[in-house]
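Atoms within each ligand, like the ligands themselves, are counted from 1 in listed order. Heavy atoms only: backbone and side chains are in, while hydrogens, waters and symmetry mates are out.
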Amino acid sequence: MTTIAFIGVGNMGGPMARNLLKAGHTVRAFDVAANLLHAVADAGAANAASVKDAVADAEVVISMLPAGQHVRSVYLETDGVLANAKPGTLLIDSSTIDMDSARAVHAAAEKAGFPFLDAPVSGGVGGAEAGTLTFMCGGAESSFERAKPILEKMGKRIVLAGGAGAGQAAKICNNMLLAVSMIGTCEAFVLAEKLGLDAQKLFDIASTSSGQCWSLTTYCPVPGPVPTAPSNRDYAGGFATALMLKDLKLAQAAAQSAGATTPLGAEATQLYSLMAAKGHGGLDFSGIIRMLRGAL
Ligand code: NAD
């Protein structure tokens with residue numbers, strides 16, 4: 001079994017660390033919010049007093065932090081991972097962060113002789129608890145092969161997307177596509193309402209025609225056609241608008257620095273910003289149909 005340092009045991013990192021413990025790994029956890037360490041300690045983790053303390057004897061380091069600035073600080077500062085982990089320790093950052101930070105930390109890790117993977121996830125807190133996350137990985141194939149058996153204890157789909165930063169790229173491209181397809185799906189239902197076309201009829205026709213997409217068939221934004229979709233629960237739970245907005249902003253930053261033209265991604269960012277600014281950041285992102293109807 002492997003000794004794993006887990007940095008950042010919040011909404012996602014907490015249950016991920018608990019699944020590693022369940023699988024028999026030794027986990028040394030650290031979080032700046034010390035109160036969060038109790039829950040993982042109850043599941044068998046050792047509490048570390050600092051990043052340095054957590055990584056000292058680790059064979060693998062996993063981080064699950066809010067944003068690029070936290071990842072840079074945890075890995076690059078003098079009391080951070082690169083300065084204090086044993087040479088050859090496998091480093092895995094599962095946070096969703098900007099491409100520039102992901103590439104900068106990759107480069108610094110490689111220079112210091114550490115194998116490094118960016119491995120952001122999809123699946124949310126439910127997936128973290130159930131151990132069914134998807135990991136989208138960027139880095140060397142040898143690092144991926146080493147990481148896979150560990151990531152499999154927290155997820156059910158582990159994919160190597162390409163080299164440094166490719167995991168982050170896959171995540172933001174997928175979520176930008178998802179946001180655009182959801183808004184398009186919502187617009188179709190709003191137009192159908194105005195035209196007197198029954199929502200179930202639109203669903204039956206579009207879901208077996210060229211308008212078919214995941215936003216329609218799995219996450220239908222009107223209640224009824226797909227009983228498991230958040231629209232049937234008043235848009236509670238699911239994938240929060242605030243988290244979608246974070247990913248859209250990362251996609252726009254990446255598009256700008258890479259020189260990609262993404263006008264619909266930009267429009268989706270504006271619409272989800274408006275929804276969050278109206279105080280609905282906690283609503284599932286399919287709830288944007290209410291804003292399009294003028295009801296938010
Ligand atoms: P969170 O805020 O609950 O957890 C992040 C943890 O990092 C916090 O407990 C915080 O105290 C800790 N932290 C911050 N700076 C630190 C430092 N310097 N050293 C140690 N710990 C530090 O966030 P979360 O919901 O668990 O999300 C984590 C990452 O996963 C984010 O990048 C998010 O975008 C991504 N993500 C979240 C979800 C979701 O549904 N919540 C889904 C997919 C991806």
Side-chain angles (χ1 to χ4, degrees), residues 5-19 27-41 45 47-55 58 61-85 91-99 101-102 105 118-137 151 154-157 165 167-168 170-172 174-176 178-179 230 236-251 253-254 272 276 281-285:
F6 208 111
I7 321 281
V9 286
N11 292 324
M12 296 290 290
M16 289 164 72
R18 286 200 291 278
N19 281 331
V27 174
R28 284 185 69 76
F30 176 68
D31 196 298
V32 285
N35 60 313
L36 294 175
L37 292 172
H38 299 311
V40 282
N47 288 355
S50 61
V51 171
K52 185 176 173 180
D53 181 28
V55 305
V61 175
I62 302 176
S63 51
M64 196 55 171
L65 299 161
Q69 76 212 60
H70 308 95
V71 174
R72 284 181 192 254
S73 143
V74 160
Y75 281 89
L76 306 181
E77 285 179 3
T78 49
D79 53 356
V81 176
L82 299 191
N84 294 288
L91 312 179
I92 305 170
D93 178 45
S94 281
S95 326
T96 301
I97 63 170
D98 59 283
M99 293 291 304
S101 295
V105 177
D118 53 293
V121 301
S122 71
V125 175
E129 276 162 2
T132 56
L133 294 168
T134 293
F135 285 85
M136 294 157 265
C137 304
L151 300 181
M154 301 179 285
K156 68 168 196 267
R157 194 157 170 250
Q168 300 293 347
K171 164 122 190 172
I172 59 176
N174 178 72
N175 281 8
M176 183 178 78
L178 173 62
F239 185 38
T241 290
L243 291 175
M244 174 55 94
L245 180 57
K246 174 190 171 180
D247 294 351
L248 285 169
K249 286 180 175 170
L250 292 175
Y272 279 110
L283 220 55
D284 179 74
F285 79 114

- Kindly say whether Ile97 contributes a backbone atom to a donor-acceptor pair with the side chain of Gln168 at under 3.5 angstrom? yes
- Could you tell me whether a side-chain N or O of Asn19 sits under 3.5 Å from a main-chain N or O of Ala128, the two making a donor and an acceptor? yes
- Task: Measure the acute angle between the ring planes of Phe285 and Phe239, then classify it against the limits of 30° and 60° as parallel, tilted or perpendicular.
- Result: perpendicular
- Task: Let me know which protein residues bring a heavy atom to under 4.0 Å of ligand 1; chain then number is fine for ordering.
- Result: Ile7, Gly8, Gly10, Asn11, Met12, Phe30, Asp31, Val32, Ala33, Leu36, Met64, Leu65, Pro66, His70, Val74, Ser95, Thr96, Val121, Gly124, Val125, Lys171, Leu243, Lys246
Could you list the donor-acceptor pairs under 3.5 angstrom formed by side chains in residues 61-71, with sequence neighbours left out?
residue : atom : partner : partner atom : Å
Ser63   : OG   : Tyr75   : OH           : 2.8
Ser63   : OG   : Asp93   : OD1          : 2.7
His70   : ND1  : Ala67   : N            : 3.1
His70   : ND1  : Ala67   : O            : 3.4

- Query: Do Ser50 and Asp53 have side-chain N/O donor and acceptor atoms under 3.5 Å apart?
  - Reply: no
- Query: Short question: side chain of Asp247, backbone of Asn175 - any donor-acceptor pair under 3.5 Å?
  - Reply: no
